[in-house]
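Read through the structure below, which is laid out as structure tokens, and then see the notes.
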Amino acid sequence: MFLLRKALRGERRAFLDPIEIGVKAHTRKIVRPRWRRSCGCASSPLEVTAPPVPRLFPRTPYGTSVWACALFEPFDDATRTHQNEAAVRHGDETGWRVQSLSEADRSSRAWLWTSVSDDAVYFHIDPSRSAKVAHQLFGTAPCILFLVCDRLSTYKTMARERDSAVILCWCWAHQRRDSIHGAAGQARLTHWCQG
């Protein structure tokens with residue numbers, strides 16, 4: 001507090017001494033009160049418990065503050081910054097239901113985007129499957145990025161707009177699936193597809 005006063009007064013010495021802020025995490029367990037009836041009245045329940053506190057994910061022991069904690073925001077930025085240094089990343093997106101979207105008079109469908117480097121995984125939920133989201137996750141890398149992904153047009157658009165800074169590498173699992181479908185649907189291609 002003394003250093004802070006010195007800095008506010010504009011003294012030159014205060015700028016040489018660093019000011020640090022420490023934040024301590026703590027665990028808060030919420031115990032719901034319970035009342036047990038002490039009379040023999042059959043018209044009232046034997047025990048009454050306060051209603052549970054709403055949770056983001058009902059079947060977990062963790063409250064909303066764990067998932068929405070501001071302390072995790074630096075990890076979010078640090079993970080994306082770290083991944084942008086990787087030359088090879090894997091990207092994918094899959095359908096994901098978000099209940100709060102349907103409450104806002106729209107579809108509850110969103111997309112869970114995944115970015116995987118050799119030592120980090122980043123998840124991002126977005127109501128859009130557009131190239132704008134792909135740019136946010138993969139388009140800010142300062143070096144050439146080899147992105148292993150499926151043939152979704154979103155990735156193609158992003159790579160084209162990044163002007164060869166993103167090189168798309170098609171996923172072999174999708175290539176194999178196409179060969180299996182080709183072998184099953186075209187008898188004359190069966191030998192070639194199996195090869």
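By the salt bridge (charged side-chain N to carboxylate O under 4.0 Å, His left out) test, Glu73 pairs with no residue at all, sequence neighbours left out. Under the salt bridge (charged side-chain N to carboxylate O under 4.0 Å, His left out) criterion, Arg162 pairs with no residue at all, not counting sequence neighbours. Contacts of Arg151 classified as salt bridge (charged side-chain N to carboxylate O under 4.0 Å, His left out), with partners at least two apart in sequence or in another chain: Asp178. Evaluation of the side-chain contact (heavy atoms from CB on, under 4.5 Å) rule for Arg34 yields Glu47, Thr49 as partners, not counting sequence neighbours. Every residue meeting the side-chain contact (heavy atoms from CB on, under 4.5 Å) condition with Ser44, not counting sequence neighbours, appears here in chain and number order: Arg37, Cys41.
Taking 4.5 Å as the limit, every side-chain heavy atom of Val88 sits out of range of all side-chain heavy atoms of Asp118.
Going from atom CD of Gln83 over to atom CZ of Arg89 covers 4.5 Å, rounded to the nearest 0.5 Å. Distance check, rounded to the nearest 0.5 Å: OG1 of Thr114 to NE2 of His90 gives 12.0 Å. Considering CZ of Arg176 and SG of Cys171, their distance stands at 11.5 Å, rounded to 0.5 Å. The structure places CG of Asp126 at 11.5 Å from CD of Glu93, a figure rounded to the nearest 0.5 Å. A distance of 6.5 Å separates NZ in Lys132 from CD in Gln136, rounded to the nearest 0.5 Å.
Summarising the hydrophobic clusters (Ile, Leu, Val, Met, Phe, Trp, Tyr; side-chain heavy atoms under 4.5 Å, direct or chained), the residues clustered with Trp113 are Trp111, Tyr122, Val133, Leu137, Phe138, Leu145, Leu147, Leu152, Tyr155, Met158, Val166, Leu168, Trp170.
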